Every structure is written in structure tokens, then in C-alpha cells.
Amino acid sequence: MRGLETLTTTELSAWVQQARTFARKGKVIDRIPQLALADANLFAVCVLCAKGSVYSEGETSCIFPLMSAVKPFSLLYLLQHLGTETVFQWVGVEPSDVAFNSLEQLVKDRGRPRNPMINSGAITLADKLPGKSASDRSQHLCQWLNQRAGCQLELDEVMLASVRLVNSQVNRDIARYLAQAGYLEDIEKAIDTYEQICCLSGTVEDLARLGLLLACENGRVATQYRRYVNALMLTCGLYEASPQYALQIGLPIKSGVGGALLAVVPGRGAIACYSPALDNAGNPVAALAFVEAISQDLGLSIFGN
């Protein structure tokens, strides 16, 4: 097992070039107008090692919304503030074998969100974030993450306006069902909070710094909570494709429909990618190809060689 710290810039360039070829197999999301403007061929990566080395390549100055890649961090924030017993009263820890925004799954589960990495779970947790208003909640989360991880996330107001314009009926139906089942206190505030935190935006380096918060003992978040979040990313972070990539890559990973992909290498570092072209499950195609290549060639799987 070579490990992340043995990475060379020559290898990085080769893997990036190889990953870029996969973008044509995906498609940029079109249901959110602002996201639809992204160039499908963009690719950026930042690798941060626990010992301080930084490797990056591609369009690293691109700023993109975290979208669902924020979900592990709203979970981490609530675990840190409220504890395991309280948080897991609201959401389960079971993987889902259907789409991330499935109302049918929620109905089948009698209104209990299956896990925090799908929309029903994330909307539920958005309802529980501290703050009087949705703006307060998203600002508190953003500030906490910036302070703990040393990143520079900001709310993208243009992206938020585009998300609000769409006014996702599926998410509203999910929220109403959650409220009927007793998991939401305020539907409008929960939806607004969820949309705002999904529009927290940054660069691949910002995303990698968030990943480093989950990767290593740091004194800023409890070890137990890092482990819980990493475990849920491994089993649920890529939606119904999670089992496949647990086998192929063997790392905790979370994606976002804006093109974000974060892979945590426990004890070693973090790998963040931006790649707007998505597969049918809503995961960035080129980014997954890159992480699979680097994981296999450097022996990064948490399950060993």
C-alpha cells in the first residue's frame, strides 16, 4: 500500500487527463437553470494530505455550489451540537436503493427518513439546525464550517435564486409527508434552510479542507462523530450506487448534483473534485473515474489491498 502521501504531480496529471475523457458519458443537470450553464468538460481536483502536502490540477479557481455534498456536514454540525441519541431519533442509517429524492421510499418507510444523505433526511436535519430563520441557520453552519475547516464558503445568491425559481415539487411533497409523520416542525423554513445550505459554494480546495475535517484527528470535531459521518458516506453517500463504489473504491464519498465530489481517506487526507457531468444516479462521472483510479493505484481503500 503506497498511500496518499506518495502521490506525484506526474501521476496526478495522468489521472486527470484520463478522467476528463469520462465527462462525455455524463450530462450536466438541467432542472436548475444556473447549474445547466456549467461546462460539462470542466474538471478540477485538489488533494490535501494530513501531513500538509497539497496537489491540485484543472480549473481549480471554479466556484461551485456544494449541493448534496453539504449533507455530511450538516449531520456533523448537529452531532457535534446535539449528540448521537438526539440526531438519530430524526434520521435512520440504512442505505437506500432508489433515487435520492424518492417520495415512494419515504412513504414505504412510513415517513422516517432512511438516512441523512438523501433529500428526506437532509430536509429533516435542515429543520433542526439552530437559528431563528433559514438565513440564520445557513449562516451559522457556514461560519462554523469555515472556522473549523479553514475554508472560505459563501452563499451563492444567484444560485439560490435559481433553485428557488424551480421550486421543487418533489422536495415539497417530501417535506409535507415528513411533517405529517412528525419529523418536521416548519415546512417552509425547512425547505428554505435546505436550499440555502445546498447553495453554500467554494472551490475544490475549500471542499478538500472540509474533507480533511473528517479525515484526521484534529481536536475540532469529536472522533466518534467523524466516524459516524464517514460510515454513512461510505454506505449512503452515492445514493443507490453506494454499494458498487464501496467495492470499487472503498472510501467514504459524497457527491452533489452541482458536480462536487468529496472522498475521505481516513487518517491520510481528502480528495475533492469538481466535474459537472453526472450519471443517471446524480453522481459526477469524471470525478468518480478519477477517485477510482487514484484509490486503486495508491491502495487507498479502507479495506486494504
Side-chain angles (χ1 to χ4, degrees), residues 1-26 39-64 66 69 72 149-152 202-218 226 230 233-234 237-238 241 244-256 259-279 283-305:
M1 179 174 175
R2 284 182 50 192
L4 196 62
E5 56 280 350
T6 68
L7 175 66
T8 67
T9 53
T10 302
E11 287 173 323
L12 183 69
S13 295
W15 288 323
V16 167
Q17 188 174 353
Q18 177 187 332
R20 284 184 185 275
T21 66
F22 284 82
R24 64 178 178 269
K25 297 183 179 181
D39 180 350
N41 296 309
L42 290 176
F43 187 86
V45 60
C46 180
V47 178
L48 292 184
C49 299
K51 294 181 180 178
S53 301
V54 182
Y55 301 88
S56 59
E57 186 157 325
E59 290 80 15
T60 54
S61 62
C62 284
I63 294 173
F64 53 90
L66 296 182
C151 52
Q152 300 178 48
T203 64
V204 277
E205 184 174 343
D206 291 319
L207 183 57
R209 289 189 180 280
L210 288 175
L212 211 56
L213 194 62
L214 291 172
C216 306
E217 193 72 53
N218 50 54
R226 286 194 299 108
N230 284 331
M233 287 173 67
L234 179 74
L238 296 173
Q244 172 191 345
Y245 288 107
L247 286 172
Q248 291 176 214
I249 298 175
L251 294 173
I253 302 177
K254 187 70 193 82
S255 63
L261 189 91
L262 174 65
V264 176
V265 188
R268 299 296 184 96
I271 305 163
C273 299
Y274 171 56
S275 168
L278 310 179
D279 63 19
N283 297 315
V285 182
L288 279 172
F290 175 86
V291 174
E292 183 171 351
I294 193 173
S295 177
Q296 290 181 355
D297 286 10
L298 297 185
L300 302 182
S301 171
I302 61 173
F303 303 110
N305 292 332

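Since the model is a prediction, treat every value here as computed from it, not as a measurement.
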### Message
Which heavy atom of Ala208 sits nearest to which heavy atom of Ala272, and what is that distance?
### Response
N-CB, 3.4 Å
### Task
Look at the rings of Trp15 and Phe290 and say which category their plane angle falls in: under 30° parallel, 30 to 60° tilted, over 60° perpendicular.
perpendicular
### Message
Tell me whether Lys254 contacts the main-chain N or O of Ala69 through its side chain, where contact means a donor paired with an acceptor under 3.5 Å.
### Response
no
### Query
Distance-only, no hydrogens or angles: does the Thr6 side chain make a donor-acceptor pair with backbone N or O of Gly3 under 3.5 Å?
yes
### Task
For Asn218 and Cys216, indicate whether the former's side chain and the latter's backbone hold a donor-acceptor pair under 3.5 Å.
yes
### Test: Glu11 and Arg2 ion pair at under 4.0 Å
yes
#### Entry: side-chain contact (heavy atoms from CB on, under 4.5 Å), paired with Tyr274, selected from Thr203, Leu42, Ile63, Leu261
Leu42
### Message
Are more than 12 heavy atoms, taken from residues, nucleotides or ligands other than Gln18, located less than 6.0 Å from that residue's CD atom?
### Response
yes
### Query
With a 3.5 Å cut-off and no angle check, do the side chains of Glu57 and Ser13 form a donor-acceptor pair?
yes
### Query
Would you find a donor on one side and an acceptor on the other, under 3.5 Å apart, between the side chain of Ser295 and the backbone of Ile249?
yes
### Query
Is a salt bridge present between Glu217 and Arg268, judged by a nitrogen-to-oxygen distance below 4.0 Å?
no
### N/O donor-acceptor pair under 3.5 Å between Tyr245 side chain and Leu238 backbone
no
#### Entry: Side-chain donor or acceptor of Arg209 paired with backbone N/O of Ala149 under 3.5 Å
no
### Message
Using modelled atom types and a 3.5 Å cut-off, is there a donor and acceptor pairing between side-chain atoms of Asp279 and backbone atoms of Gly26?
### Response
no
